[in-house]
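Right, one structure below, let's go through it.
All ligand and atom numbering here is 1-based and tracks the order in the structure.
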Amino acid sequence: MNHSIVILPGDGIGHEVMAEVKKIIGWVQANTDMSFDIQEDHLGGAAIDAYGVPLADSTLEKCRKADAVLMGSVGGPKWDKVDYAIRPEAGLLKLRKELDLFANLRPAIVFDSLVDASTLKAEIVRGLDIMIVRELTGGVYFGEPRGIEDLGNGQKRGFNTQTYTTAEIERVGRVAFELARKRHNRVTSCEKANVMESGKLWREVITALHAAEYSDVTLNHMYADNCAMQLLRNPKQFDVIVTDNLFGDILSDEASMLTGSLGMLPSASLGAADANGRRNALYEPVHGSAPDIAGQGKANPLAAILSLAMALRYSFHRGDIAELIEWAVEDVLSAGIRTADIMADSCTPVGTAAMGDAVIARLAQQKANAA
Ligand code: NAD
């Protein structure tokens with residue numbers, strides 16, 4: 001059976017990094033039992049240029065039907081002046097919303113050879129492997145009522161509503177517990193139950209879900225502000241962190257920066273699983289379109305390549321091939337092969353294409369060794 005993939009390179013370095021992802025997919029197709037139906041389309045600024053909107057309905061339909069969507073990055077100065085409602089980033093937000101991608105997975109992994117890229121001491125981050133699960137479609141970013149009202153006395157009031165239902169908390173909690181079972185079996189749930197009713201409900205629902213279905217997983221609760229401190233003090237205490245949209249936004253950025261390099265960070269956004277276990281899914285590097293280096297062949301493609309590994313693991317249930325790709329990335333880094341963003345003393349500088357080729361060379365070598 002062919003797996004269907006939609007590739008949306010987007011804008012700027014999105015094209016460059018996705019070219020390397022396509023090379024890896026080609027290698028997987030030629031050297032394993034997996035095969036793919038691949039379609040490519042526009043998103044963001046490129047879609048504005050091609051279709052007049054940042055996400056065309058026809059593109060959205062393709063993404064709905066696909067087993068996985070792989071995205072590069074969107075945005076850039078060329079579209080700075082377009083109407084706010086159709087800016088490039090609006091295409092990505094609409095895609096996430098329309099596919100109901102409620103669980104955002106952001107791993108923060110420190111590769112041994114990049115341990116010095118972190119701003120924290122090597123002993124604090126060496127071997128770090130955290131997964132942050134952020135609720136992505138609810139909470140204060142979407143809650144109603146919201147707005148800015150005129151108080152009539154020269155004052156205004158800005159307001160947003162933090163809101164979560166039992167079902168919204170349960171479904172993201174389930175993703176976190178399932179992930180923990182495949183990792184180190186520990187979940188830390190973060191909220192502000194001490195000062196927010198939505199946090200109180202969050203804690204109650206996670207506690208009940210744990211007791212009913214996941215009592216084999218170790219669960220602890222932590223206030224989100226304490227979690228922000230603990231991530232800097234002793235990040236290796238965490239396995240899976242599950243939290244809401246607002247706290248997740250901040251904690252996932254903090255955790256990812258423990259690793260020290262934007263060009264290395266993959267992500268996945270998942271929808272609900274149907275009866276066959278299939279879910280809508282979008283995989284993308286955390287970085288943006290990097291207009292300052294776009295078109296120069298300098299971008300680090302490893303975040304995009306590691307996002308493909310996440311797709312293989314979470315959409316195609318091929319953890320074996322995902323691990324092979326992750327091993328190849330680690331081996332390339334150990335050999336001192338580096339793009340400019342992760343360059344270090346006595347390493348070999350390479351561009352985007354050479355980095356992709358180096359990963360493929362490791363994959364080929366591993367296959368030859370296994371034969
Ligand atoms: P950015 O992530 O594009 O770049 C920040 C810095 O990191 C830049 O100096 C860039 O050169 C560097 N960088 C980023 N990715 C890199 C890589 N793979 N290899 C080497 N260096 C890399 O963030 P920004 O400059 O704030 O935003 C630029 C554009 O991207 C904006 O239009 C913004 O809206 C958009 N953006 C898109 C996404 C997305 O598509 N998910 C995310 C963030 C920003």
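- Around atom CD1 of I148, no more than 12 heavy atoms belonging to other residues, nucleotides or ligands sit under 6.0 Å away.
- A salt bridge between D11 and K78 is absent, with no side-chain N of the basic residue lying under 4.0 Å from a carboxylate O of the acidic one.
- Residues of the protein with a heavy atom under 4.0 Å from ligand 1 are I13, M71, S73, V74, G75, G76, E89, L92, L262, G263, E284, V286, H287, G288, S289, A290, P291, D292, I293, A299, N300, D341, listed by chain and number.
- The salt bridge (Lys or Arg N to Asp or Glu O under 4.0 Å) analysis of residues 307-318, with sequence neighbours excluded, yields the pairs D33-R318, R313-E326, R318-D320.
- In this structure, R174 fails the cation-pi test against F177, since its NZ or CZ atom is not both closer than 6.0 Å to the six-membered ring centre and inside 45 degrees of the ring normal.
- The CG atom of N300 sits 5.5 Å away from atom CE of M355, with the distance rounded to the nearest 0.5 Å.
- The 12-atom threshold is exceeded at CG of N153, counting heavy atoms of other residues, nucleotides or ligands nearer than 6.0 Å.
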